[in-house]
Structures are given as C-alpha cells and as structure tokens.
**Q** 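The following block contains the structure, expressed as structure tokens.
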Amino acid sequence: MPKEKTASSLSPADTPVTALKNVGPKRAALYEKLGVRTVEDLLRHYPRSYVDYTDTRPVQDCPDGETAAVAVKILRRHPPAPIRKGMVIYKLTATDGLDNLTITIFNNEYAYYGLKAGEDYVIRGRISRLGNNVQLVLSSFVTPEEAEVQRPLYPLTEGLAPGMILHNMEEAVQRFLPMLPDPLPPEVLREHSLMELQQAIAAIHFPPDSETLSGAKRRLSFEELFTLSAALILLRGKKRLHTAVQIRDPDLTPFYQSLPFTPTGAQSRVIGEILADMEKDSPMNRLLQGDVGSGKTMVAAAACFAAWQKGYQSALMAPTEILAAQHEATLRKFLAPLGLRIALLTGSLTPKQKEQLRAEIAAGEVDLVAGTHALVQDATVFAHLGLVITDEQHRFGVAQRQKLGRKGENPHVLVMSATPIPRTLALIVYGDLDLSVIDELPKGRQPIETFSVHSDKRRRALGYVRKHLEAGEQGYVVCPLIEESDSDLMAAQRYAAALEKEMAPFRVGLLHGRMKPAEKETVMADFAAGRIALLVATTVVEVGVDVPNATIMLIENAERFGLSQLHQLRGRVGRGSKKSTCILISDNEGEDNRKRLSVMKQTCDGFVIAREDLKLRGAGDFFGSRQHGVPSLAMTDLLEDTGLFAEAQAAARLLLDEDPALSQPGHTLLREKITRLFDKQEGGMN
C-alpha cells in the first residue's frame with residue numbers, strides 16, 4: 001500500500017478535493033457542480049452569508065412570512081410524501097417548549113434524517129401561519145453546541161448539505177491552509193493595510209468576531225479586484241491605436257427623415273456620442289447598453305449610415321444565426337431604402353453562396369454585412385471596413401472583437417449589450433470601452449403585467465392565453481427543455497403537441513435550438529406574419545423574434561431561469577402599443593425563488609432587475625453561466641464596493657508601472673494567478 005502523503009508535501013492547488021475525508025467520487029461530482037475540484041477551490045468557496053443562531057425567539061414571537069431561528073426539540077418524524085417525480089416533502093413535528101410547530105423540508109433527505117426525535121436543535125427557516133398552525137420551511141439547522149458562534153452558509157447544490165461542506169472545510173483549513181501562498185505582494189498588503197491570505201481565509205470560514213470577519217472580506221475582495229484589474233491592464237494595453245477611418249460631419253438628415261417614428265431623447269444623445277467618437281483619429285471603442293426594446297439597432301443603423309456616407313463598409317457580428325438574421329432584417333428596413341447594399345453571412349449558406357458573397361464584400365459591392373463567426377474567418381475580406389458592431393450577449397471575448405477589427409485599418413468598434421449591467425460591472429467586463437446608455441423606452445410602450453402562479457393554476461393560465469388568441473393577438477409558451485427526459489420539467493415538444501389540440505383551431509408552432517437554421521427561420525417568419533398564433537419555444541426565443549402583435553407569454557418552471565434571463569424572455573412581448581402580460585409558473589417555494597419572482601412582478605426596469613440579480617446570485621453567475629468570460633468575484637459586492645474597486649485598480653496600475661511584466665521575484669505568484677485567469681477565459685476575457 002502506498003504511503004499517504006503528509007500535509008507538508010501537498011499543494012492545495014494541486015490536491016484534488018477527494019484527498020479530504022468522506023469525499024468520494026459521488027461527493028466530488030457534487031463539488032464539481034460548484035466549481036470545486038481542488039482543495040484550494042474549496043478554501044476559496046466562500047460563504048454567501050452567515051447565521052447567528054444565538055438570536056433565537058419563541059415561535060409566538062416570529063412574524064408570519066419572515067425567516068427566524070427557533071430552539072426546538074423534535075417530537076416525531078412523519079413519513080416522506082412524494083408529490084411528483086423528483087420532488088419529496090418531508091415533515092416533522094417539534095416544540096419550542098411552549099408551542100408546537102411543523103417543520104417542512106423540500107427534497108432534502110439529509111436534513112430530514114439529520115433531525116432525530118427527542119433531540120434538541122436550533123432550526124432556521126421561513127415562518128408561515130394558518131390559523132393556530134405554525135409551519136417553518138427549513139433552510140438550515142445546528143445542534144445547540146454548534147449554535148454558539150456565527151455559522152457560515154455556503155452556496156449549495158442538491159445532495160450537498162451544509163454540514164458536509166463545513167466538516168470538509170474544517171479539515172481543509174487545518175491541514176492545507178498553511179501551504180496556501182499569498183499572491184498579493186507584501187508591499188501591496190502594507191500599503192493598503194490588508195490581512196495576509198491565510199488569516200483572511202481562516203476568518204472568512206470560521207469568524208472569531210465581526211471585526212475580523214470584516215477585515216477578511218475586505219482583503220479577499222481587494223484581491224479579486226486587484227488581480228482582475230491587473231489582468232485587464234495587461235490584456236488590453238494602455239494606449240489606443242491610430243485610425244485612418246475619420247468620419248467627419250456626416251449628414252444624418254435623410255436617415256432621420258426616413259424613420260417612421262421620432263427617436264427618443266436617449267437615442268439621439270447616444271447617436272451624438274457615437275458620431276463624436278467616429279470623428280477622432282483613434283478608433284471608437286464604445287459599449288452601447290440598453291434595456292429590452294430600447295432601440296439599440298436603430299442607433300447602430302445611424303452609425304452604419306454615417307460610415308456609408310463617407311465610403312466605408314460596416315459589419316455587425318451576432319452570436320447566433322437567429323439574431324444575425326433579425327439584425328439584418330431590421331437594418332435592411334432602416335437602410336436599404338436609402339441606398340445601402342446589405343447582406344447576411346452565416347455558416348448555413350452553401351459554399352457557393354459564401355464564395356459569391358465574400359467576393360462582393362471584398363470588391364466593396366456590399367455596404368453592410370450582418371453575420372455570425374463567419375465574419376471573422378480568414379476567407380472574409382473587406383474593401384473599406386470602417387465600423388465593426390458586435391452584439392455581445394456576453395458571448396464574444398476581446399480576442400474575437402479584435403480579430404474582426406483587424407479586417408480593416410483599426411475601424412471604429414461599437415459593442416451592443418441587451419442585458420443592462422450596473423456601471424461597476426460594465427467597467428470590469430468591458431474595461432476597454434466607453435459607455436453609452438439608452439435609458440429611455442420608445443413612447444407608447446406599456447409596462448408588462450407580470451404574475452406568478454403554481455402549476456395547479458396552469459389550466460386557468462392557458463385559458464387566459466387562449467383569450468388573447470381569440471382577440472387576434474399572439475403569444476409564447478417558454479419551456480426549459482426540448483424533449484422528454486428523466487426530469488419532470490415541461491418539455492417543449494410534448495407541450496407543443498398537447499397545445500395543438502387544446503388551442504385548436506389556432507396554429508401552434510415550435511422553436512428550439514436543435515432545429516436547423518432554415519427550419520427556425522421558417523417558424524419565425526410564420527410567427528412574424530401571423531400564420532402561427534402561439535409559439536412554444538425554449539430560450540432560443542430570448543433573442544431574434546420581434547413581433548409587436550405578441551401580447552402574452554407563459555414561462556414554465558420559471559425557477560430554472562436567471563432573473564435577467566426572465567427579463568430578456570419577457571421582453572419578447574410588449575413590443576407594440578397593446579397591453580401585454582407575462583405569467584410565470586413555478587412550484588419552487590425556496591426563499592431565493594420567491595424574491596426573484598417578486599422582483600419580476602414589481603418592475604419592468606432592466607437596470608433594477610440587474611441590480612437585484614447581482615444581489616441574489618453574485619457576479620460569477622450574473623449571466624446565467626460562468627462560461628461567458630466573466631471572472632468569478634465571489635467576495636465582491638459590485639453594488640457596494642465601487643470605492644474598493646477604484647482603490648484596487650489604482651494599486652494595480654501603480655504596480656504594473658513599476659514592473660510591467662511582473663518579472664520581479666515578489667510578483668511571481670501574482671503573474672501565475674493572472675495567467676490562470678487568462679487560461680480560464682479560453683484566450684481572452686470580455
């Protein structure tokens with residue numbers, strides 16, 4: 001039998017989490033879902049909040065609907081109650097010494113069997129009252145001995161209980177933390193009065209007092225922002241290039257006269273900012289940020305018209321063929337009547353069609369081309385590229401933007417973002433770009449009325465959808481899955497088949513990501529033309545379908561979507577002047593889900609929703625996935641830590657001014673950390 005390695009020979013960064021006790025393949029797979037693969041990953045898996053279990057109160061003093069901690073004795077456990085496939089409700093009866101209460105647990109077998117009859121616990125959860133009956137929906141519990149200090153609450157995944165993480169964390173801190181090196185140079189620690197890394201990580205998991213915890217949070221947040229700031233400075237460089245594309249004094253009068261509407265004040269202001277950039281001898285690098293339906297494409301069309309007037313081509317790159325086709329159609333509507341020659345270049349064209357179109361682009365016979373990644377392929381050559389527009393959807397990195405930019409002689413770059421991003425996050429994600437915000441919706445737009453209901457109200461909700469169809473309007477049903485699986489989630493194909501019968505004689509269409517581009521285009525064209533009354537779709541409908549007659553949307557399993565994604569989906573209705581409605585169906589009673597759905601019901605302002613999304617999920621998950629180039633900022637509150645961000649950014653600039661390559665011995669660990677950050681972003685960060 002091989003000799004077990006001692007702690008002193010193990011590096012936390014190189015040690016798999018399975019080196020910890022009770023972490024076998026099954027638990028390791030659960031940790032993998034949280035991004036935890038190594039012991040260092042676990043040490044860096046910071047608590048999302050803390051619970052002070054010493055602040056307990058009797059049940060009779062706990063307000064209805066609020067979360068509270070109660071000291072109880074478990075009286076008895078009730079048999080588990082499966083309510084549908086994949087969902088089990090567990091119930092226990094307990095007493096606080098004065099009153100009895102029912103403890104309800106959703107789908108957490110570990111917690112159910114962890115609470116033993118006859119034993120004392122401090123439990124925490126949301127209180128609800130029905131007459132004299134009191135229920136507590138359990139979120140966590142500890143023994144009375146464990147309740148004497150602040151207890152961390154970690155981000156979890158189903159099957160991984162708080163106690164499991166806590167016990168693994170205790171071992172990781174004791175055995176491996178002493179070998180964790182500090183990437184921040186000693187001079188930075190001294191200059192900004194920061195804790196050393198080992199002290200900060202120990203305190204963040206097991207805080208001895210609130211003052212030490214506060215210092216640990218500041219240190220770890222500073223490290224995240226400092227590392228990211230240094231990475232962005234190194235990646236993007238500090239100087240702007242020179243460009244020969246100077247678009248001076250364009251006359252937009254014909255463009256404005258051709259519009260069937262009056263631009264909003266915000267649109268006019270942003271167009272002015274873009275034109276001012278395009279006059280300079282350095283290339284524009286501007287982020288155009290706007291809520292759903294704010295009119296970003298019209299602003300982009302104005303920029304394309306200005307470039308065309310001075311003899312330059314424009315290119316618009318979108319992440320999907322659906323979105324590229326949507327942009328091409330909208331830009332054609334705005335600009336073709338004014339004489340611009342417009343084309344669409346995507347991967348689904350035949351080789352012969354691509355060859356012909358590329359020849360026309362290279363000859364300067366196309367003024368504006370919309371497309372996907374096909375635009376950045378070596379075979380695509382422009383005659384006089386002056387303006388590059390990318391519709392990010394957070395899927396393009398700096399490297400791809402720069403590759404398209406190299407198709408011309410440092411052309412102007414405009415980046416459009418459909419997700420409103422709080423300013424601090426925009427500075428981090430798009431640190432090389434100036435910022436323009438369209439913060440005004442076109443006149444005549446009404447707020448979208450939003451409701452949330454349980455699945456037992458689905459029949460009634462579908463009846464409401466049918467009333468809209470009978471009034472000559474159109475609607476969407478959004479599902480999280482395409483086809484039948486082991487999950488109990490509504491599957492789009494099955495749902496569409498059922499609704500074809502239920503909604504007869506109205507025609508029901510189906511749209512999902514596995515369809516061929518031509519099939520998607522046919523369905524979208526039929527829906528836009530009114531030949532399809534109700535469109536059942538997956539999240540592929542999040543972008544690319546603009547139908548003013550669509551006034552009703554029903555979203556199944558709303559808990560499966562991020563808050564900003566729900567807002568994007570909802571934005572498919574309310575595109576015209578008619579009153580529109582969105583119905584969210586969810587049986588998830590979790591506290592986070594209730595907060596999310598409450599936000600959706602209260603506001604249609606994308607910037608407010610984005611702030612709430614950040615509060616609930618943090619920057620790492622803000623875009624629904626960690627794979628879109630947004631670095632994890634687990635300890636940073638991007639709504640509150642703007643001052644710390646400025647401090648960290650200034651410190652990073654100062655350090656790189658003194659040591660641009662981070663080649664000094666004391667900067668080696670920082671350079672390695674930044675290199676790993678680049679590797680995770682697969683060649684470049686947004």
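Because the structure is a prediction, the values reported are computed rather than measured.
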**Q** Backbone N or O of G472 within a donor-acceptor pair of the N549 side chain at under 3.5 Å?
**A** yes
**Q** Any heavy-atom pair between the side chains of H567 and D291 that's under 4.5 Å?
**A** yes
**Q** Taking the side chain as C-beta and beyond, is there a heavy-atom pair between V369 and Q313 under 4.5 Å?
**A** no
**Q** Looking only at non-hydrogen atoms, find the nearest pair between Y90 and N108 and report the distance.
**A** CE1-N, 3.7 Å
**Q** Aromatic ring centroids of Y476 and F527 under 6.0 Å?
**A** yes
**Q** For M416, run the side-chain contact (heavy atoms from CB on, under 4.5 Å) check against L287, I438, T390, L316 and tell me which one passes.
**A** L316
**Q** Just do the side chain to side chain contact (heavy atoms under 4.5 Å, CB included) check on L535 and Q474 with the steps written out, would you?
**A** CA-CA 8 Å; L535 186 60; Q474 293 165 272; over 6 Å; no
**Q** Please check if atom CD in E360 has more than 12 non-hydrogen atoms from other residues, nucleotides or ligands closer than 6.0 Å.
**A** yes
**Q** F607 versus V437: any side-chain heavy-atom pair under 4.5 Å?
**A** yes
**Q** Between R594 and E589 (salt bridge meaning N to carboxylate O under 4.0 Å), is one present in this structure?
**A** no
**Q** Ignoring hydrogens and angles, tell me if any N or O in the side chain of N588 forms a donor-acceptor pair with the backbone of E559 under 3.5 Å.
**A** no
**Q** In the structure I gave you, are the side-chain heavy atoms of M317 and V388 within less than 4.5 Å of one another anywhere?
**A** no
**Q** Is the side chain of E473 donor-acceptor paired with the backbone N or O of T551 at a distance under 3.5 Å, no angle test?
**A** no
**Q** With side chains defined as the heavy atoms from C-beta onward, is the minimum distance between L259 and F255 less than 4.5 Å?
**A** yes
**Q** Which of these passes side-chain contact (heavy atoms from CB on, under 4.5 Å) with D613: V599, L566, L563?
**A** L563
**Q** Are I552 and V573 side-chain neighbours, meaning at least one heavy-atom pair lies under 4.5 Å?
**A** no
**Q** Can you tell me if CD on E158 sees more than 12 non-hydrogen neighbours from other groups inside 6.0 Å?
**A** no
**Q** Do M503 and V465 make a side-chain contact, defined as non-hydrogen atoms from C-beta onward lying under 4.5 Å apart?
**A** yes
**Q** Given 3.5 Å as the limit, does a donor-acceptor pair link the side chain of S580 with the main chain of R575, or not?
**A** no
**Q** Please walk me through it: do K579 and E449 pass salt bridge (Lys or Arg N to Asp or Glu O under 4.0 Å)?
**A** CA-CA 8 Å; K579 179 184 174 184; E449 197 169 20; 3.0 Å; yes
**Q** Might you work through the side-chain hydrogen bond (donor to acceptor under 3.5 Å, both in side chains) test for R358 and Q377, ending with a clear yes or no?
**A** CA-CA 11 Å; R358 282 175 168 145; Q377 292 172 356; 2.8 Å; yes
